[in-house]
Structure formats: C-alpha cells, structure tokens
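Reading through the structure tokens given below for one structure.
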Amino acid sequence: MSVSLTGGCACGVLRYRLASRPMFVHCCHCTDCQRQTGSAFVLNALIETARVERLAGDTRGVHVPTDSGSPHEIHRCPVCQTAVWSHYGGRPALSFVRVGTLDDPSALPPDVHIYVRSKLPWIALPADVPTFPAYYDSKQFWPQESLARRKALFG
Ligand SMILES: [Zn+2]
Ligand SMILES: [Zn+2]
C-alpha cells in the first residue's frame, strides 16, 4: 500500500514518516491522556517503532506518572517540546504516534474509542466506531494482519 504519512513537531526541527499504515488507531478518553494533552482525548496510531522513520531531528523521552503505575515514556522534540509519540509498558518496540502531529491527521481516523467512561460529556461519538468504557480485547477488534504484525513484534 502506498502511503505518505509524514509529520513533525511545531518548530519543524523534528520530522518523521510512517513507513506503513499503523496496526490500529486509538482515541483514548482516559484521564491520563486528558491531563497529558490538556485536551479531551488523545489520538494514538499504534505502529512498530522500526516503521517510524526519522527524517530530521531527534526526540527526548520523558517518563510520566500514570494512574495504573505502568511505565509511560513520552517522546518530545527537544527544542519545542511537542509530544510526538509514546512507549507504554516499557515496550520501546511499539510506538503510539500522536495522530495530531501528522501533516494530515485526517488520514488516520480512530478505529476504537476507549476509556469513554471519562469522556467529556459534550463529545458526541460516531455510532459506527466501537466504544469501550475502559480498555478492550484487541484480539476481537484488530484486523488479522495487524494481529500478525503485533505477534511478530512480541511473539
Ligand atoms: Zn520542535
Ligand atoms: Zn489514555
């Protein structure tokens, strides 16, 4: 599949390209994501870190506290501090790329809405996208190809 999924930080020092479409896209309405973004939710494209090609610049990882206690490292442009992706659970092989940093964020709409138990009440969700009060069973909702990619990562 031919895709051009390029993105970068606010100051332009950091530029990246996704080498393929992600495995899956989360719209997360949890309170951690709300706090860390200062917004209502975060949009995360889950993709192999090896497929996140840095075209320019570098990132600096910052560890942040989480409600669950599981590790969460946010990678930011060291110049302008825009957050571009995260690693969760101490698994650097998997990146959660912040879709809003793509040049065309509309290219990757969410496949699921999660943690909608803390969704802000004025957000109306589309009826055709699965929603979950908390997390969800990826085996049930990910395409077979994406499950195979994840298996190749983690076994
Ligand atoms: Zn920057
Ligand atoms: Zn979240």
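Count residues from 1 along the sequence.
With no hydrogens or angles considered, no side-chain donor-acceptor pair links S86 and H75 at under 3.5 Å. Checking T82 against R98 by side-chain atom types alone, no donor-acceptor pair falls below 3.5 Å.
Between L5 and P22 the shortest heavy-atom distance is CD1-CD, 4.5 Å. Taking each heavy atom of L14 and G57 in turn, the nearest pair found is CD1-C, 3.9 Å. Shortest non-hydrogen contact noted between R21 and A107 is NH2-O, 3.2 Å. The two residues P65 and Q36 come nearest to each other via the heavy atoms O-NE2, 3.8 Å. Scanning both residues, Q81 and R76, for their nearest heavy atoms gives O-NH1, 2.6 Å. Contact detail for P105 and G100: the closest heavy-atom pair is CG-O, 4.1 Å.
Residues V64 and E73 form no side-chain contact, since every pair of their non-hydrogen atoms from C-beta on lies 4.5 Å or further apart. Residues L94 and H87 fail the side-chain proximity criterion, which asks for heavy atoms closer than 4.5 Å. Looking at R51 and R149, their side chains come closer than 4.5 Å, going by heavy atoms from C-beta outward. Here the side chains of R150 and S138 are in contact, with some heavy-atom distance below 4.5 Å. Contact of the D58 side chain with the R60 side chain is not registered, since no non-hydrogen atoms from C-beta on lie closer than 4.5 Å. For the pair R17 and R54, the minimum side-chain heavy-atom distance is 4.5 Å or more. Within the 4.5 Å cutoff, the side chain of C27 has heavy atoms near those of the F41 side chain.
V84 and Y88 sit in two unconnected hydrophobic clusters of ILVMFWY residues. Membership requires side-chain heavy atoms under 4.5 Å apart, directly or through other members. In the hydrophobic clustering of ILVMFWY residues, with side-chain heavy atoms under 4.5 Å counting as a link, W85 and V62 come out apart. L120 and L125 end up in the same hydrophobic cluster when Ile, Leu, Val, Met, Phe, Trp and Tyr side chains are linked at under 4.5 Å. Placement of Y135 and V116 in two distinct hydrophobic clusters is found when ILVMFWY residues are connected by side-chain heavy-atom separations under 4.5 Å, directly or transitively. Placement of L43 and F96 in two distinct hydrophobic clusters is found when ILVMFWY residues are connected by side-chain heavy-atom separations under 4.5 Å, directly or transitively.
Between F132 and Y115, a ring centre-to-centre spacing not shorter than 6.0 Å is recorded. Checked against a 6.0 Å centroid threshold, the rings of H26 and Y136 count as neighbours.
Listed by chain and number, the residues in a side chain to side chain donor-acceptor pair (under 3.5 Å) with D67 are T31 (sequence neighbours excluded). Here F24 pairs with W142 under the ring-ring contact (aromatic ring centres under 6.0 Å, His included) rule; sequence neighbours left out. With sequence neighbours left out, the side-chain contact (heavy atoms from CB on, under 4.5 Å) criterion links S39 to T37.
With Y16 as the fixed residue, the side-chain hydrogen bond (donor to acceptor under 3.5 Å, both in side chains) test singles out one of T59, T6, T101: T101.
Taking a cutoff of 4.0 Å between a charged side-chain nitrogen and a carboxylate oxygen, D103 and R15 qualify as a salt bridge.
One N or O on the side chain of S118 and one on the backbone of H29 form a donor-acceptor pair closer than 3.5 Å. Looking only at distances, no side-chain donor or acceptor of S95 sits under 3.5 Å from a matching main-chain atom of V97.
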